[in-house]
Amino acid sequence: MDRNVDAEIVIVGAGICGLATALALHRKRIKSVVLERSETVRATGAAIIVQANGWHALHQLGIASTLRQTAIPIQRGRFISLNEAEPMEFPFGVNQEFRCLKRSDLVKVMADNLPKGTIRTNCQVLSIDLDPVTNFPHLMLSNGTVIHAKVVIGCDGVNSAIGSMFGLYRTTLSLFSTCVARGFTNYPNGHQFASEFVMMSRGQVQLGRIPVTDKLVYWFVTRLRTSRDSTIWKDPVLIRQSLMESMKGFPEGPTEMIKNCNLSFLHLTELKYRAPWELLFNSFRKGTVTIAGDAMHATGPFVAQGGSASIEDGIVLARCLAQKKFNNAKKTEETEINIAVAEEAFDEYVRERKMRNFWLSFHSFLVGKKLDTKSSIIRFIILAIMSTLFRDPDWHSRYHCGNL
């Protein structure tokens, strides 16, 4: 890449949000460049749960039918409490379409649908500033390149370099006391699990199990963080050993599933979140710069909406930008994006997404704190708040981000 480069729209980060935003813009015939700091397009994490709202969004991107071929539909759910002398089961429904996708499948399909040359790897953004004359953003890359952009969209996750423009620093993130391990287990001859989402709980340890295909099962375990986690998180053998110790008292089937897991996909991560109320008091736009996905609303995985919300962000952002751009072109015959167009589009995008993302973050925050606490009084208060504000357990999956 040359030392000084001009670009109209630059998306920072080639994760789920960045690729969804680029693909949404492409569907609206708007070109963009996606900068990825890694050597390849990243698909960190094992899987992503996609509920009905997420499938609406994927349909708008034109990739839902392809992705449906990679994962079986989940028909129902069961919660099993192991805290009593005898296990107690509580069935629960799933709202419309519910599947579990391999992250690598989702990222690959998105990337394959983008024009060649859209994604540029080995491009780590070190800093961003606004030109004092034009007010357009400049990006400084680690290789010394300076990109002079008209629009920058930060989709670079919880440690976002772009988010720092809005006071969203890594040091301002909070940690749940709970951590999560995620993995896959392969069954070469096929597994015998029903097409259902099963949750098991014993004390402060929870296990979730979802079939991806007839031979692949995704699972996750949440438990309280320990002092050992900081030393074992890079070693999948030690992670598995730690999980086996945490799951004493669980049935043999789940423990065997973890014992036989694919170590190359086993991850243990801290659960970082940004306080939900921070979403309410931030404009999330400076000049022609904005952010989306985890860069804006880092949250826990407790309502399984982080990935889908990021895809929704991309669709709404692309729709707002396309509408403002094309409306301006009709009036002025100017086809390029100017400052006024970008600023109006981003303000509209933020207005549309702010409360959706706030309520998702707040719901996930409450569930996370319920898992964290050992106090029955605090747990009762949290449950009372949740039963009042989130009476419909499927409220988040009934949302439709609109047409692209």
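Scope of the values below: all heavy atoms of this structure, side chains included, with no hydrogens, waters or symmetry mates.
For the atom pair CD1 (Ile48) and NZ (Lys102), the distance works out to 14.5 Å, reported to the nearest 0.5 Å. Rounded to the nearest 0.5 angstrom, Thr70 OG1 and Lys108 NZ are separated by 11.5 Å. Note that the CD1 atom of Ile74 and the CD1 atom of Ile210 stand 6.5 Å from one another [nearest 0.5 Å]. Atom CG of residue Leu101 and atom CG of residue Leu58 lie 7.0 Å apart, to the nearest 0.5 angstrom. Here the CG-CZ distance, from Asn122 to Arg37, works out to 12.0 Å after rounding to the nearest 0.5 Å. One distance of note links NZ of Lys369 with OG of Ser177; it measures 6.0 Å at 0.5 Å rounding.
A distance-only check finds a donor-acceptor pair linking the side chain of Arg27 to the backbone of Leu61 [under 3.5 Å]. In this structure a side-chain-to-backbone donor-acceptor pair under 3.5 Å is present from Thr231 to Arg228. Not a single donor-acceptor pair under 3.5 Å links the side chain of Thr288 to the backbone N or O of Ile339. Asp394 places no side-chain N or O within 3.5 Å of a backbone atom of Ser397 that could act as its donor or acceptor partner. The backbone N or O of Asp105 sits nowhere less than 3.5 Å from a side-chain atom of Arg103 that would complete a donor-acceptor pair. Remark: side-chain polar atoms of Ser81 are not paired, donor with acceptor, to backbone N or O of Met88 under 3.5 angstrom. Remark: side-chain polar atoms of Lys272 are not paired, donor with acceptor, to backbone N or O of Val158 under 3.5 angstrom. Here the side chain of Arg240 pairs a donor or acceptor atom with the backbone of Lys259 at under 3.5 angstrom. In this structure a side-chain-to-backbone donor-acceptor pair under 3.5 Å is present from Thr185 to Met257. Panel note: side chain Asn282, backbone Glu278; no donor-acceptor pair is recorded below 3.5 Å.
Contact annotation: the side chain of Gln51 never approaches that of Val303 to less than 4.5 Å [non-hydrogen atoms, C-beta and beyond]. Under the 4.5 Å side-chain criterion, counting only non-hydrogen atoms from C-beta, Ser38 is not in contact with Thr121. Put simply, the side chain of Lys370 does not reach to within 4.5 Å of the side chain of Phe302, judged on heavy atoms. Within the 4.5 Å cutoff, the side chain of Arg76 has no heavy atoms near those of the Pro91 side chain. Side-chain contact between Ile147 and Leu35 is present, with at least one heavy-atom pair separated by less than 4.5 Å. For the pair Ile258 and Met244, the minimum side-chain heavy-atom distance is below 4.5 Å. In this structure, the side chains of Leu224 and Thr178 come closer than 4.5 Å at one or more pairs of heavy atoms. In this structure the side chain of Val151 never reaches within 4.5 angstrom of the side chain of Val10, judged on heavy atoms.
In this model, no donor atom of one side chain and acceptor atom of the other lie less than 3.5 Å apart for Asp313 and Ser310.
When all heavy atoms of Gly314 and Thr21 are compared, the pair lying nearest together is CA-OG1, 3.3 Å. Looking at every heavy atom in both residues, Arg391 comes nearest to Thr388 through NH2-O, 4.2 Å. Taking each heavy atom of Glu352 and Cys401 in turn, the nearest pair found is OE2-O, 4.0 Å. Among all heavy-atom pairs drawn from Gln204 and Leu371, the shortest one is NE2-O, 3.0 Å. Nearest heavy-atom pair across Ile291 and Phe166 is CG2-CE1, 3.7 Å. In terms of heavy atoms, Ala46 sits closest to His267 at N-CD2, 4.5 Å.
Using cut-offs of 30° and 60° for the angle between ring planes, the Phe365 and Phe176 rings count as tilted. Classification of the His191-Tyr187 ring pair by plane angle, with boundaries at 30° and 60°, yields perpendicular. Ring planes of Trp359 and Phe390: perpendicular class, angle over 60° (limits at 30 and 60°). Classified by interplanar angle (parallel below 30°, tilted 30° to 60°, perpendicular above 60°), the ring pair Tyr349/Phe346 is perpendicular.
Other residues, nucleotides and ligands place more than 12 heavy atoms under 6.0 Å from the CZ atom of Arg225. Within a 6.0 Å sphere centred on NZ of Lys354, other residues, nucleotides and ligands contribute more than 12 heavy atoms. More than 12 heavy-atom neighbours from other residues, nucleotides or ligands sit within 6.0 angstrom of CH2 on Trp395. Within 6.0 Å of CD on Glu336 lie no more than 12 heavy atoms contributed by other residues, nucleotides or ligands. For Leu280, the CG atom sits in a packed shell: over 12 heavy atoms of surrounding residues, nucleotides or ligands are nearer than 6.0 Å. Crowding of Phe380 atom CZ: a count of heavy atoms from other residues, nucleotides or ligands under 6.0 Å not exceeding 12.
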Verdict with reasoning, Leu139 to Ile162, per side chain to side chain contact (heavy atoms under 4.5 Å, CB included) = CA-CA 9 Å; Leu139 294 164; Ile162 311 304; 3.9 Å; yes
Start with the C-alpha gap between His26 and Leu23, add the side-chain angles, then the distance that decides, and say whether side chain to side chain contact (heavy atoms under 4.5 Å, CB included) holds.
-> CA-CA 5 Å; His26 174 57; Leu23 184 53; 4.2 Å; yes
Under the ring-ring contact (aromatic ring centres under 6.0 Å, His included) criterion, do Phe79 and Phe92 qualify, and how do the steps go?
-> CA-CA 7 Å; Phe79 178 81; Phe92 61 89; 7.9 Å; no
Could you check Asn113 against Ile63 for side chain to side chain contact (heavy atoms under 4.5 Å, CB included), going step by step and ending with a plain yes or no?
-> CA-CA 8 Å; Asn113 277 269; Ile63 57 176; 3.7 Å; yes
After noting the C-alpha distance and the side-chain angles of His396 and Asn53, does the key distance pass the side-chain hydrogen bond (donor to acceptor under 3.5 Å, both in side chains) rule?
-> CA-CA 8 Å; His396 48 82; Asn53 58 297; 5.2 Å; no
So Arg99 and Val50, side chain to side chain contact (heavy atoms under 4.5 Å, CB included) or not? Walk me through it.
-> CA-CA 6 Å; Arg99 298 174 196 251; Val50 182; 5.5 Å; no
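The residues Lys31 and Glu8 are annotated as not salt-bridged, no charged nitrogen and carboxylate oxygen being separated by less than 4.0 angstrom. Salt bridge Asp347/Lys324: absent, no basic N to carboxylate O contact under 4.0 Å.
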